[in-house]
Colleague: 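Right, I'll just put the structure down here and ask away after.
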Amino acid sequence: MERFYITTPIYYVNAKPHLGHAYTTTVADALSRFHQLMGAETYFLTGTDEHGDKIVQAAEANGLSPMEYVDAISGQFKALWPDMNITNDDFIRTTETRHVKVVQSILQKVFDAGDIYFGEYGGHYCFGCERFYTEKELVDGLCPDHQTKPEYIAEKNYFFRMSKYQGWLREHIRQNPDFIRPEQYRNEVLSLLEGGELEDLCISRPKSRLTWGIELPFDKDFVTYVWFDALINYVSALGYPDGDKFRKFWPAANHLVAKDILKPHAVFWPTMLKAAGIEPFQSLNVHGYWLVRDTKMSKSIGNVIEPLAMKDRYGLDPFRYFLLREMSFGGDSSFSEEALVGRLNADLANDLGNLFNRTLAMTHKYFGGTVPVPVIEDVVDAEIKKLGQDAMRAFQAHFCGLRFSRGLESLWELVRGLNKYIDATAPWTLFKAGNKDRLSTVIYVLLENMRKIAVHLWPVMPESAQTMLAQLGITFARDKFNLPKELEVWGVLESGSTVAETSNLFPRIELPEAHAVVAAKVKPGKAKAGKAKDDTSGKEAPAGGEQSNGTIEFEDFQKLDLRVGTVVEVEPHPDADRLLLVRVDIGEEAPRQVVAGIAEFFAPDDLVGRQVVVVANLKPRKLRKQLSQGMILAVKSGDSLNLLTPSGEVAPGSRVS
């Protein structure tokens, strides 16, 4: 059986968890779940890094001992992951005895082999980074990360002969293109290795300066440099050297880190492994930063995003979806609540939620809520099946390559394609015509594809995916589904099984505050939302919320529910030459009928297939004995009339906001 071992960095406990931690761990969780569905045996590790200068400083600032402090912060990390539905198999702390023993055994092994020596070193030490910098690495004399002037320290320490393995590491990276991903970081490390002589690594701190660390096994007056300690967690957690988990999972080790710790993982760690006689990990996977207002998150400037606040406000699965969909893995990405709400409304509410709501409602209306038996297949069914295969194959390939955003976009090509399939096959017309054989096939094609979408979404949105499957009458079991097989199998959904009446998993979301328009000005008599006269009153229907002074409040604007719809059928009004009966799909169970006074400007055939904007919450009324369930918005200019329409095609039911 294929195996997959995924690790996050062990998070440094000098501050509580933030969005960056949540992103890395969510990606690791999604990868673990994905490879389970691909048929692999997986192991998922996370944990906390608890030694070093910064821990002592943070503990003192909080009036605690180092151990009390790391217990408290590590506890916050450990408690967060179940709330984020993170399914790690292990959580390691570098203060645990099992880790300390492995660190000391590896140090002794490398020392005995002659790759650790005692010497004197003077360098520019940044306490924030807990490392020495060379003159060349400083930027205008400052630490490149903290923008502070390092302190020059000269002292005797132990050094790891890292330079000895420079040539080996360079060749290993060249011969294994996936050793460091994405390629930009591979090239960065190769440039470093080819740009000059790699220095040896100082791996100790004298106890006269720091006592909070793992004591060197060969010199009780020194503790281990935090990186030589922390990196070893990836093997200590597996029970190196004799543990069953180490033998089983280490050859399949995949590390996941942010770009600020590229060098320790891409240079320090593989050379340490080589010196210790341990084979290299399989891949190092590097992501960018989440920026807030185009700035890296920092406690000091107050722009840290707390993941639980986002999860509580918008739901865990939508938040997980946003993290993987919004960031292109490897690059930086900007976080804002506006972007989050926009993504969730467009992708989840309008596209996926709309697909489930429409299809489940039609299954109940036309087949009493049971999955029909497919009978008559058409070319359009073969086309949507092919689209589904292509979308799922691309999703799987992109996920394997850590291109999560592209993978989800591929899957959404199927989601949007199914919404268009509904419009093209017009189940309501098939029902009206009594063509039940064709109707049963259309509904089955929709439901079976929805099942496949839900299975593929489980790594990203596990709870929502399980609920979607339950709405289709399926109980999720991890070992019941296999993504590669989904490319070939068809007809898993059993005819005769019962589906839910509706799916309200992804309601539209409003921002907690109005972020843009507070009031809108309207000139009386201009750009009205169309006219329609009531049979009995003879008065014009109001455009909605207009006040005598020509302005409306934002709250008035919010009362309007403006939806984009696709015109599916048009016919002349039987009793009025200037009126048309326009049936518009706005993402509901069946199209709405809108009576529109536009016959002098448009022929019925000109309108079918066009997208229009509809006032969806206008009180229904009869116009010349025909029910009108809304208003189509238009602008009259001279002798012509222009319909309001989106600049590009969107899903029926998309809200104008």
Side-chain angles (χ1 to χ4, degrees), residues 1-9 22-47 81 84-92 176-182 234-235 237-238 244-257 265 279-287 317 320-321 323-325 327 329-330 391-411 452-466 469 476-489:
M1 174 184 282
E2 183 183 348
R3 295 189 173 95
F4 181 78
Y5 175 37
I6 185 70
T7 74
T8 72
Y23 173 74
T24 310
T25 315
T26 298
V27 168
D29 183 72
L31 280 169
S32 178
R33 293 174 184 269
F34 171 77
H35 282 276
Q36 289 167 26
L37 291 187
M38 293 295 285
E41 183 180 5
T42 66
Y43 201 77
F44 172 16
L45 174 69
T46 189
W81 302 141
M84 296 289 293
N85 203 1
I86 301 298
T87 54
N88 52 294
D89 296 288
D90 196 359
F91 185 99
I92 190 163
N176 297 273
D178 287 339
F179 186 62
I180 301 173
R181 303 185 293 182
Y234 302 129
V235 295
L238 297 179
D244 290 339
K245 288 196 290 287
F246 177 75
R247 286 192 293 268
K248 182 187 289 188
F249 289 108
W250 180 248
N254 295 267
H255 301 314
L256 187 65
V257 301
H265 282 83
E279 65 181 293
F281 49 83
Q282 184 170 304
S283 71
L284 174 65
N285 306 286
V286 187
H287 67 77
D317 276 2
R320 284 173 60 113
Y321 173 82
L323 292 180
L324 272 76
R325 179 64 181 86
M327 176 178 274
F329 190 87
M392 290 180 286
R393 185 175 289 108
F395 174 87
Q396 293 174 25
H398 285 314
F399 239 76
C400 282
L402 283 81
R403 299 179 296 273
F404 310 112
S405 181
R406 291 174 63 185
L408 288 167
E409 173 58 26
S410 296
L411 197 62
K452 288 173 174 284
I453 290 167
V455 172
H456 279 76
L457 281 176
W458 182 73
V460 180
M461 298 191 292
E463 294 297 329
S464 297
Q466 290 174 207
L469 287 169
F476 178 83
R478 192 172 59 190
D479 57 356
K480 185 178 177 181
F481 297 98
N482 180 277
L483 293 186
K485 289 182 180 178
E486 287 293 336
L487 300 176
E488 307 300 332
V489 299

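Since this is a predicted model, take the numbers as computed values, not measurements.
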Colleague: Can you see which heavy atom on Gly47 is nearest to which on Thr8, and at what distance?
Modeller: N-OG1, 4.4 Å

Colleague: Using every non-hydrogen atom in the two residues, find where Phe329 and Val286 come nearest and quote the distance to one decimal.
Modeller: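 Nearest heavy atoms, Phe329 then Val286: CE2-O, 3.3 Å.
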
Colleague: What do the steps show when you test Asn254 against Asn285 for side-chain contact (heavy atoms from CB on, under 4.5 Å), and what is the final call?
Modeller: CA-CA 7 Å; Asn254 295 267; Asn285 306 286; 4.0 Å; yes

Colleague: For Glu279, what residues pass the side chain to side chain contact (heavy atoms under 4.5 Å, CB included) criterion, not counting sequence neighbours?
Modeller: Trp250, Pro251

Colleague: Run the ring-ring contact (aromatic ring centres under 6.0 Å, His included) test against Phe44 and tell me which residues pass, sequence neighbours left out.
Modeller: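 Counting only residues at least two positions away or on another chain, Phe44 forms no ring-ring contact (aromatic ring centres under 6.0 Å, His included).
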
Colleague: Can any side-chain N or O of Asn176 pair as donor or acceptor with the backbone N or O of Asp178 at less than 3.5 Å?
Modeller: no

Colleague: How about Leu238 and Tyr43: do any of their side-chain heavy atoms sit closer than 4.5 Å?
Modeller: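 Touching, per the 4.5 Å side-chain cut-off.
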
Colleague: Got a sec, which residues hit ring-ring contact (aromatic ring centres under 6.0 Å, His included) with His265, two or more places apart in sequence or on another chain?
Modeller: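 In terms of ring-ring contact (aromatic ring centres under 6.0 Å, His included), with neighbours along the sequence ignored, His265 is linked to Trp227, Tyr234.
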
Colleague: Measuring only between side-chain heavy atoms, which start at C-beta, is Phe4 closer than 4.5 Å to Leu31?
Modeller: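 They are in contact (side-chain heavy atoms under 4.5 Å apart), so the answer is yes.
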
Colleague: Minimum heavy-atom separation for Ser410 to Ala394, with atom names?
Modeller: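 The pair with the smallest heavy-atom distance is OG-CB, 3.5 Å.
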
Colleague: Which pairs would a plain distance check flag for residues 477-485, meaning a side-chain donor or acceptor within less than 3.5 Å of a matching protein atom at least two apart in sequence or in another chain?
Modeller:
unit_1: Arg478; atom_1: NE; unit_2: Gln36; atom_2: OE1; d: 3.1
unit_1: Arg478; atom_1: NH1; unit_2: Gln36; atom_2: OE1; d: 2.9
unit_1: Asn482; atom_1: OD1; unit_2: Lys485; atom_2: N; d: 3.1

Colleague: Looking at Ser464, is its backbone amide N or carbonyl O close enough to the side chain of Asp317 to form a donor-acceptor pair, meaning the two atoms are under 3.5 Å apart?
Modeller: yes

Colleague: Residues two or more places apart in sequence or in another chain: which of them pass side chain to side chain contact (heavy atoms under 4.5 Å, CB included) with Arg325?
Modeller: Tyr321, Arg343, Asp347, Ser405, Leu408, Glu409

Colleague: Does Thr42 reach the side chain of Ile6, with side-chain heavy atoms less than 4.5 Å apart?
Modeller: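 No, side chains not in contact.
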
Colleague: For a 4.5 angstrom cut-off between non-hydrogen side-chain atoms, does Gln396 reach Leu487?
Modeller: yes

Colleague: Specify whether Tyr5 and Phe249 have parallel, tilted or perpendicular ring planes, treating 30° as the upper limit for parallel and 60° as the lower limit for perpendicular.
Modeller: tilted

Colleague: What pair of heavy atoms forms the shortest contact from Ala40 to Met1, and how long is it?
Modeller: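 Heavy-atom minimum between the residues: C-SD, 4.2 Å.
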
Colleague: Dump the intermediate steps for side-chain contact (heavy atoms from CB on, under 4.5 Å) on Thr26 and Ile86, then the final yes or no.
Modeller: CA-CA 7 Å; Thr26 298; Ile86 301 298; 4.2 Å; yes

Colleague: Do Leu324 and Phe399 make a side-chain contact, defined as non-hydrogen atoms from C-beta onward lying under 4.5 Å apart?
Modeller: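 Yes; the side chains approach each other to less than 4.5 Å.
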
Colleague: For Ala22 versus Met84, what's the shortest heavy-atom pair and its separation?
Modeller: CB-CE, 4.1 Å

Colleague: Could you pull out all residues at least two apart from Arg33 that satisfy side chain to side chain contact (heavy atoms under 4.5 Å, CB included)?
Modeller: Asp29, Asn85, Thr87, Arg320, Trp458, Pro459, Pro462

Colleague: Are Glu2 and Met38 close enough that some pair of their side-chain heavy atoms sits under 4.5 Å apart?
Modeller: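 Not in contact.
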
